[in-house]
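A short worksheet on the structure shown next.
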Amino acid sequence: MKKNRLVRVGLAALVACIAAGVVAAQERTPPDPEAIQAALREKAKRIPKAGLASALRAAADNRDARATTLVRRPDLEALRAELARTSAADEERSAADLSNLSAVRAPSAAQQRVAPGLRALAPENLRRVAPAEVERALIPVLIPAAAEVRDKIRVYGMENVYTASARIDAEAALSISGTCNRVVGGDPDVIAFRKRLAEQPRRLAGTGAAYFMSRNDFGVDLSFSKFGCGYVITIECGDPGADPRCAEDDYITGLADSMILANPDLAGGE
Amino acid sequence: MRSLNKLFVAFVFSLTLAACEGGETPDPTDAPDEQPGDPMSPDPAPQPEEPDPMPEEEYLADEEGRVFSYVSVGDLLPNSGPGHEDSTIYRPDIQFPLEDAAFLNSQVYRYGGSQGYINGMEGGQCNETNYDYPWQDTFCESRSRSQIMCPDGGHEGVDIRPATCIPESGASHWAVAVEDGRIVGLADSKYTVKLQTEDGSLYRYLHMKMDELAVEDGEYVTKGQRLGRVFNDFYNSAGERVATTYHLHFEMYQNYAPDEETDPVFDQVNPYMTLVNAYEKKLRGE
């Protein structure tokens, strides 16, 4: 009787092992690439050359989900208020710092990192910035105040947009682009997704600006909005996974939190 | 006890059978649209006949006569991650970024890519299916990245193969300006060409032949102007030039706001449908 039971248990274990082996083998078998390619061809859409069929195809594919670009100007009141707020905060700092005008106008990287805010600085005080480039921009031209960036940065200005760019060192490059024009509309699901996203931004510790970060094979992006405009800072690193400027949040958030307004005339002068 | 043993053995056998029959739990989303008819149910109403499919020559085709086709936005290659379904055409009037025919598909999960084995696509990048339609979206494809639009991290642009596989053909395939704009930040970047437009779009072109670009830093360019040749330029963590596959990685930044009240976010959006639209215009000769 006992022997019989043992045989059954042994048999059951053997069958279980075979079953497990079969399942594992199935999992290891890679998909058939020809079948994948055939499935892609099967579900792919083609576009009729002309006529009603083409229009129907476009409608079925929601090809009318078009976005629109709206021209917008910056909120200059908010810009002036932020400059004033930073100025007041600077005045509250130690008398030693206040007595040194250059520290306010051109603070060190360390000072800037502990002093977030927005300070105005005329382009003539920025070593590699051509004044004509910032003067043609009708949006706030913001550049990071950190010394290692400020002294190397170039500005490419147009009326509604700008980019500022600097190679920080052999391992890392930075750029910041901005525009007040905004794109609206498009896919309703994406609009809803974007609204949900906007409800939960992270905020810069010093200025309180809403921001979002993305990392990629090349480095890191930080997008933030100020004065009704959008800005994106990109840092490209030789080794994005190991270089703390790309791998960690502190460096790029520090840059975003402490900025120089390179076209002070926009706010009514430096 | 004996009946328990029988039950156990029956259970194990049923498992074995299921496995042998490839008996995965069917995914409801994979269920065929048409189910076989139930012989006990009354005859279904007669269905209208399927219209004759249009002949191939009625569809848009490229200069080689290949009919253009594309898989829906957000529908990525199996095992390459969840996509981002965004049918928005962000810029309806851009020019397609390559002069010749082009093929959007994965550089990583297809032939020649480091993860091609996952789909059994092992072999070189010049496999003919890499250079054929249909196009497939690669925005949000799984990579070691975090992108706010991607449900699982992911690729922040799309990858575009040129008309021919360059190692075999030796051909030059040009990337062009998608809009009028300005080349910015070129002096500071090793493998990226950025094109910024006056009304706020920012495009990034990666992996061109950077030592032979057709444009200079700060230059104003016009729509369709040649920027450089599609190549495989990339760099490793030691700063040495290394090769990727021959393709153009293309990104589109937009300062997007869901409505007038919400602050905009200037970031990468999925350019796939914008490129489908641009390619359609190209094939139509518009």
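Chain A is the first sequence line, chain B the second, and so forth, proteins listed ahead of strands; every chain is numbered from 1.
Rounded to the nearest 0.5 angstrom, Q37(A) CD and T129(B) OG1 are separated by 4.5 Å. Atom CD of Q268(B) and atom OG of S214(A) lie 6.0 Å apart (nearest 0.5 Å). Taken to the nearest 0.5 Å, the OH atom of Y156(A) stands 7.5 Å off from the CG atom of L186(B). Taken to the nearest 0.5 Å, the CZ atom of F266(B) stands 10.5 Å off from the SG atom of C180(A). Here K190(B) contributes atom NZ and R167(A) contributes atom CZ; the two are 5.5 Å apart, rounded to the nearest 0.5 Å. In this structure, I36(A) CD1 and Y109(B) OH are separated by 13.0 Å, a value rounded to the nearest 0.5 Å.
Using a 4.5 Å cut-off between non-hydrogen atoms, the part of residues 159-166 of chain A that approaches chain B consists of E159(A), N160(A), V161(A), Y162(A), T163(A), S165(A), A166(A).
With a threshold of 4.5 angstrom between heavy atoms, P264(B) approaches chain A through its backbone and through its side chain. For T234(A), the part lying under 4.5 angstrom from a heavy atom of chain B is the side chain only. Heavy atoms closer than 4.5 Å to chain B are found in both the backbone and the side chain of R41(A). Only the side chain of E133(A) comes within less than 4.5 Å of a heavy atom in chain B; its backbone stays farther off. For chain B, the nearby parts of D217(A) are the backbone and the side chain; heavy atoms of each come within less than 4.5 Å.
Between chain B and the residues L197(A), T69(A), N216(A), I191(A), the most heavy-atom pairs under 4.5 angstrom are made by N216(A). The residue among L283(B), N79(B), D132(B), L206(B) with the most heavy atom pairs within less than 4.5 Å of chain A is L206(B). Counting heavy-atom pairs under 4.5 Å between each of T179(A), L70(A), V71(A), I168(A) and chain B puts T179(A) at the top. Options L202(B), D259(B), L77(B) differ in how many heavy-atom pairs under 4.5 Å they form with chain A, and the most are formed by D259(B). Chain A forms more heavy-atom pairs under 4.5 Å with one residue of H84(B), E85(B), R110(B) than with any other, namely R110(B). With chain B as partner, the option from G185(A), G241(A), A198(A) having the largest number of non-hydrogen pairs under 4.5 angstrom is G185(A).
For the pair R72(A) and E260(B), the salt-bridge criterion is met [side-chain N within less than 4.0 Å of a carboxylate O]. Ion pairing between D267(B) and R194(A) holds under the 4.0 Å rule for side-chain N and carboxylate O. By the 4.0 Å N-to-carboxylate-O rule, E56(B) lies close enough to R46(A) to be salt-bridged with it. Comment: K43(A) engages D75(B) in a salt bridge, judged by a side-chain N to carboxylate O separation of less than 4.0 angstrom. Ion pair E261(B)/K195(A) not flagged as a salt bridge, since none of the NZ, NE, NH1 or NH2 atoms sits closer than 4.0 Å to an Asp/Glu carboxylate oxygen. Using a cutoff of 4.0 Å between basic side-chain nitrogens and carboxylate oxygens, K226(A) and D263(B) are not scored as salt-bridged.
Across D221(A) and Y253(B), no two heavy atoms sit closer than the pair OD2-OH, 2.5 Å. Nearest approach of C229(A) to N255(B), heavy atoms of both residues: C-ND2, 4.4 Å. The two residues T88(B) and A67(A) make their nearest non-hydrogen contact at CG2-CB, 3.7 Å.
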Original post:
When you look at R284(B) and I47(A), which way does the side chain to side chain contact (heavy atoms under 4.5 Å, CB included) test go after all the steps?
Top reply: CA-CA 11 Å; R284(B) 290 188 189 282; I47(A) 302 175; 3.6 Å; yes
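The aromatic rings of F218(A) and Y191(B) lie tilted to each other, with the angle between the two planes from 30° to 60°.
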